[in-house]
Amino acid sequence: MIKRKHSGSDLTIFSEMTALAQKHDAVNLSQGFPDYEIDDRLKKLLGEGTLKNFNQYAPMAGLPMLIDNLVEFNQQRKNTLSVSKENITVSPGASYGIYTALAAIVNVGDEVIVLEPCYDSYVPAIEVNGGTPVFVSLKNHFEVDFEALKNVITVKTRAIIVNSPHNPSGKIWKQEDWDQLANIIDNSEITVISDEVYDLLTYDHHEFYSAFHHPKLRERCFSIFSFGKMFHATGWKVGYVLASEELSLAYRRVHQYLSFSVNAPAQYALAKYLEIFDVEENRKFMQQKRDFFLDSFKDLPFTLSEKAEAGYFQILDFRKITDLSDKDFAVWLTQNAKVAGIPLSAFYHETANTGKTRFCFAKKEETIVNAAELLQKALW
Ligand code: PMP
Ligand code: GLN
């Protein structure tokens with residue numbers, strides 16, 4: 001028997017709920033992926049990449065034209081992010097970036113702090129690399145409990161994983177949050193692994209602030225991004241990692257021997273697309289989707305405690321409907337109402353009875369309307 005290397009389940013909740021949705025012909029608002037088309041120009045650029053013969057190994061850190069354009073793109077952010085080429089490593093997706101950052105710095109027996117609820121890849125990635133996850137719960141409205149965080153730090157703490165904007169809640173770390181974290185870890189060797197895949201999808205007055213923006217943290221963090229989320233192309237599995245020269249060196253020491261380099265025609269297409277991509281138009285497009293979702297669901301018997309500040313997802317409370325566990329409710333909803341969501345307990349290491357479901361609103365309006373109508377029929 002092969003010994004398990006991590007405590008994650010063998011089928012992620014996202015695959016499980018998607019399969020259940022398919023089986024019951026349900027509208028799938030569970031796994032986070034768009035059901036609308038990507039920009040035609042991006043499709044054409046991918047073809048162009050291969051026609052222009054970007055078909056052999058790209059350099060290990062990334063295609064120079066993509067790295068140059070990422071320097072420029074980060075410079076052009078509303079809140080400028082100054083990075084140099086040495087800070088950037090292109091990765092085959094953000095999950096790989098998180099895993100590789102952990103592999104680069106974690107030694108057997110090290111502790112890594114995880115803030116729950118959290119994305120499902122963190123804990124297995126820590127464990128496979130010999131680390132021990134140490135859990136700190138976010139507060140009721142998904143704010144960080146910095147007192148609790150301070151209390152779990154030991155001499156063994158090697159890293160903390162932060163996720164802002166946050167999956168599943170859409171909460172964004174404000175500058176003061178980063179200040180607090182920087183103060184807490186000031187006299188330690190703790191590295192921040194910051195999952196920032198929803199950086200461009202921020203709504204209302206909310207602004208994205210990267211760990212790499214922070215003067216005290218930029219020397220001791222990995223900030224990890226995903227073109228899958230930026231350009232609604234989750235199947236492309238390409239992202240990039242920002243880190244100091246020292247941390248980038250450590251990261252590449254592992255990356256060289258894991259995937260070595262990343263899909264070359266995709267890197268060409270992403271580099272070219274960055275030159276024409278309109279960040280504000282993209283942001284508005286997604287904010288409209290969040291608003292459309294909220295408007296379509298407003299008369300259903302869920303309770304909304306907070307609108308998502310960012311990202312692809314909205315959490316809704318279903319306690320007015322039933323006392324079922326969130327997993328049982330998600331299964332019931334998929335089988336009976338024909339709408340699939342993700343039970344919030346899936347983002348915790350211990351079964352929690354959250355009374356909440358996460359729905360993905362990165363969907364066509366007709367999909368959202370269809371889901372709302374089905375729920376209307378099943379729940380009233
Ligand atoms: N982090 C978070 C918070 C995510 O929601 C996702 C993806 N859905 C990822 C990482 C993984 O990104 P990628 O597909 O680029 O590996
Ligand atoms: N990040 C996506 C989500 O949160 C899922 C990605 C996956 O299926 N692993 O829904």
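Both ligands and their constituent atoms are indexed starting at 1 by order of listing. Positions are given from 1 along the sequence.
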Among all protein non-hydrogen atoms, which one is nearest to atom 11 (C) of ligand 1, and what is the separation to 0.1 Å? S95 OG, 3.2 Å
Compute the minimum heavy-atom distance from F33 to ligand 2 and say whether it is under 4.0 Å. no
Mind telling me whether F73 and F277 have parallel, tilted or perpendicular rings, with 30° and 60° as the class edges? tilted
How close do Q314 and L304 get, counting heavy atoms only, and between which atoms? NE2-CD1, 3.1 Å
Answer with yes or no after comparing the ring centroid distance for F359 and F313 against a 6.0 Å cut-off, counting only values under it. no
Test of understanding: given a 4.0 Å heavy-atom threshold, classify the contact between T12 and ligand 2 as side chain, backbone, both, or neither. neither
Is any N or O atom of F313, backbone or side chain, closer than 3.5 Å to an N or O atom of ligand 1? no
Give me the nearest non-hydrogen protein atom to atom 14 (O) of ligand 1 as residue plus atom name, then the distance to 0.1 Å. K237 NZ, 2.9 Å
Return the option from E196, H166, K229, M230 holding the heavy atom at the smallest distance from atom 8 (N) of ligand 1. K229
Compute the centroid of each ring, for F318 and then for F329, and state whether the two points are separated by less than 6.0 Å. yes
Please list the nearest protein heavy atom to atom 8 (O) of ligand 2 with its residue and the distance rounded to 0.1 Å. Q31 NE2, 2.6 Å
Y198 touching ligand 1 at heavy-atom level, < 4.0 angstrom: yes
Just distances here: any N/O of R358 and N/O of ligand 2 closer than 3.5 Å? yes
Contact region, E16 to ligand 2, non-hydrogen atoms below 4.0 Å, reads neither
Could you tell me if the side chain of I315 sits less than 4.5 Å from the side chain of T357, heavy atoms only? no
Short version for Y119: what comes under 4.0 Å of ligand 2, heavy atoms counted, is side chain
Decide yes or no for N74 and F212: does some side-chain heavy atom of the first lie under 4.5 Å from some side-chain heavy atom of the second? no
Are E111 and T154 linked by a side-chain donor-acceptor pair shorter than 3.5 Å? yes
Does any N or O atom in Y96 lie less than 3.5 angstrom from one in ligand 1, N or O only? no
Looking only at distance, does D120 have an N or O less than 3.5 Å from an N or O of ligand 2? no
Report the residues that fulfil side chain to side chain contact (heavy atoms under 4.5 Å, CB included) with S91, sequence neighbours left out, ordered by chain and then residue number. Y96, V241, Y251
Using the six-membered ring wherever Trp is involved, compare the ring planes of Y57 and F260 and label them parallel, tilted or perpendicular (cut-offs 30° and 60°). perpendicular
Are S325 and N353 linked by a side-chain donor-acceptor pair shorter than 3.5 Å? no
Kindly say whether the aromatic ring centers of Y119 and F347 come within a distance under 6.0 Å. no
Using side chain to side chain contact (heavy atoms under 4.5 Å, CB included) as the criterion, list what pairs up with P124, not counting sequence neighbours. H6
Could you label the plane-to-plane angle of the Y240 and F227 rings as parallel, tilted or perpendicular, counting under 30° as parallel and over 60° as perpendicular? tilted
With nothing but distance in play, are any N or O atoms of S226 less than 3.5 Å from an N or O of ligand 1? yes
Could you tell me if any non-hydrogen atom of T234 lies under 4.0 Å from any atom of ligand 1? no
Considering only non-hydrogen protein atoms, determine which one is nearest to atom 12 (O) of ligand 1 and report residue, atom name and distance to 0.1 Å. A94 CB, 3.6 Å
Among all protein heavy atoms, pick the one closest to atom 3 (C) of ligand 1 and tell me residue, atom and distance. D195 OD2, 3.2 Å
Quick test: of every protein heavy atom, which one is nearest to atom 9 (C) of ligand 1, and how far off is it to 0.1 Å? Y119 CE2, 3.6 Å
Checking a contact table here: which protein heavy atom is nearest atom 2 (C) of ligand 2, and how many Å away? G32 N, 3.9 Å
Considering only heavy atoms of G93, which atoms of ligand 1 have at least one such atom less than 4.0 Å away? 15 (O), 16 (O)
Would you kindly specify which portion of N163 sits under 4.0 Å from ligand 1, judged on non-hydrogen atoms: side chain, backbone, both or neither? side chain
